[in-house]
Amino acid sequence: MKIAFYDTKPYDKTWFKPLSEEYGYKIKFYEHKLNADTAVLATDYDAVCAFVNDTIDKEVVDILYRNGVRLLALRCAGYNNVDFKSAYDKINVVRVPSYSPAAVAEHAAALLLSLNRRIHRAYTRTRDNNFSIDGLMGVDLLGKTAGIVGTGNIGRIFINICKGFGMKVIAYDPYPIKDADFEYVSADDLFKQSDIISLHCPLTPETKHIINAESLAVMQPHTLIINTSRGALINTFELIEALKTRSIGGAGLDVYEEEAEYFFEDFSNDIMVDDDLARLLSFPNVLVTSHQGFFTREAMQAIAEVTMENIHTFDIDGILTNEICYKCSGACKKEQGAKRCF
Ligand SMILES: NC(=O)c1ccc[n+]([C@@H]2O[C@H](COP(=O)([O-])OP(=O)(O)OC[C@H]3O[C@@H](n4cnc5c(N)ncnc54)[C@H](O)[C@@H]3O)[C@@H](O)[C@H]2O)c1
C-alpha cells in the first residue's frame with residue numbers, strides 16, 4: 001500500500017513511521033492540509049490518511065477517486081469534514097472511533113478546573129511577581145449541577161469525573177443509554193439548570209450551533225461552557241455577545257468554529273486577523289486550547305495502531321473494520337457489528 005498522510009506534524013511521524021515499516025507500507029507525510037489544491041499530491045496512492053481540519057468535499061473526493069485512491073483513513077473520531085454522499089461507492093471511509101476517550105474527558109476537566117479557579121490567570125500573574133488573588137475567586141464544584149450533552153464514550157467518562165467531584169449530573173442525548181446512573185432531561189432543561197455545561201456530541205446538522213442566542217439566553221449568569229467536541233457546536237458570534245453582556249460565566253474551548261485557519265500552527269510572530277478568535281482570547285473568563293484534547297501518549301499510540309490496522313484489513317481482504325455508515329452517520333451501530341444500513 002502507498003499512503004499519503006495530510007496535515008502532519010513531527011509527532012505523527014514518530015508514531016506512524018515505525019508501524020508503517022512493520023506493515024511494509026510506503027507513507028508520504030505531507031504538511032499541507034488536504035483540500036482541492038493538494039488532493040492531486042495523492043495521485044497513484046492507494047489510501048489517504050486525513051485529520052480533523054482536512055477538507056474532504058465533493059471536489060476533493062472526485063480528484064482522489066480519479067487518481068486511484070480507494071480508501072480514506074481518518075486518524076480521528078469525528079468525521080464532519082467528509083462529504084459522505086460524494087464518497088459513497090467511490091472511496092471507503094474508515095476512522096478511529098475511540099482511541100482514548102479518557103484523554104478528551106480529562107482535558108475537559110482540566111479546562112473546567114482552570115476556568116473555575118482562574119489558573120490561566122494565576123499562572124501569568126505569579127510569573128510576573130504578582131501574588132494578588134483579587135479576581136481569581138471560583139466556586140466549589142461539590143453539589144453543583146453538570147449538564148452533559150452527548151453521553152457516548154467521552155461524555156460518560158466526563159460524567160464519572162464530575163461525580164468524583166460530588167456534582168449532580170444531568171444529561172441530554174437523543175439516544176440515551178439504558179440504566180444510566182444519572183438523569184436525562186431535555187436540552188432546554190439542561191441549559192436552564194446546569195452550572196457547567198460540557199459538550200460531547202458529534203457535529204451534525206442537528207447539533208450545529210446547539211449553543212446559540214436562544215440557549216445562551218436561558219443559562220445562568222455563572223454557567224461555564226466547556227467544548228472539547230467541535231467548534232461549530234457553538235455559534236461563536238452569539239457566544240461573544242453572551243460573554244460581553246455577562247449572561248454566562250465563561251467558556252473553556254478546545255475547539256473553535258474557524259479553527260482550521262489557526263489551530264496546530266505557530267502564529268506568534270503574526271497579526272491575528274480572525275476578529276472573533278481575537279475577541280474570545282481577550283476575555284479573562286475564556287480559556288482556549290488548540291484542539292489538544294486527544295493529545296496524550298496513549299491516545300497517539302492507539303490512533304496510530306487502529307489507523308494502520310484499518311488500512312491493513314482493507315489491504316488484505318477488503319474488510320472495512322471501522323467504516324462509518326454514510327446513511328445514518330453511525331446510529332445503526334455498524335461499527336459494533338450490526339448490518340450496515342446503507
Ligand atoms: N478535542 C479532541 O481532541 C477530540 C478528540 C476526540 C473526539 N472529539 C469529539 O468528541 C465527540 C464525542 O466523541 P465520543 O467518542 O464520545 O463519541 P460517541 O459517538 O461515543 O458519543 C457521541 C454521543 O453523542 C450523542 N448524540 C448524537 N446526536 C446528538 C444530539 N443531537 N444531541 C446530543 N447528543 C447527541 C450520541 O448519541 C452519542 O451518545 C466527537 O464527535 C468529536 O467531535 C474531540
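When reading the values below, keep in mind they use all heavy atoms of this one structure, side chains included, and skip hydrogens, waters and symmetry mates. In this chain, residues are counted from 1 in sequence order. Whatever order the structure lists them in is the order used to number ligands and atoms, beginning at 1.
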Sub-3.5 Å N/O-N/O distance, D254 and ligand 1 | yes

The single option from N116, L111, D195 that satisfies side chain to side chain contact (heavy atoms under 4.5 Å, CB included) with L224 is N116

For ligand 1, is V104 a contact, meaning one of its heavy atoms is under 4.0 Å away?
-> yes

Looking at the rings of F51 and F264, which for Trp means the six-membered one, are their centres under 6.0 Å apart?
-> yes

Among Y99, F294, F295, closest by heavy atom to atom 3 (O) of ligand 1 is F294

A student checking ligand 1 against Y175 at a 4.0 Å heavy-atom cut-off should list atoms 37 (O)

Can you tell which of T207, I154, I157, L203 gets a heavy atom nearest to atom 14 (P) of ligand 1?
-> I154

Got a donor-acceptor contact below 3.5 angstrom from the D275 side chain to the A278 backbone?
-> no

Looking only at atom types and distance, does a side-chain atom of R75 sit under 3.5 Å from a main-chain N or O of C49, one as donor and one as acceptor?
-> yes

So, F263 versus H291, ring centres under 6.0 angstrom or not?
-> no

Nearest heavy atom to atom 39 (O) of ligand 1 wins, so pick from V96, D173, N227.
-> D173

Do any N or O atoms from the side chain of N67 and from the backbone of I63 form a donor-acceptor pair under 3.5 angstrom?
-> yes

Option set A103, G78, S98, P174, criterion heavy-atom distance to atom 33 (C) of ligand 1, minimum | P174

Just distances here: any N/O of T228 and N/O of ligand 1 closer than 3.5 Å?
-> yes

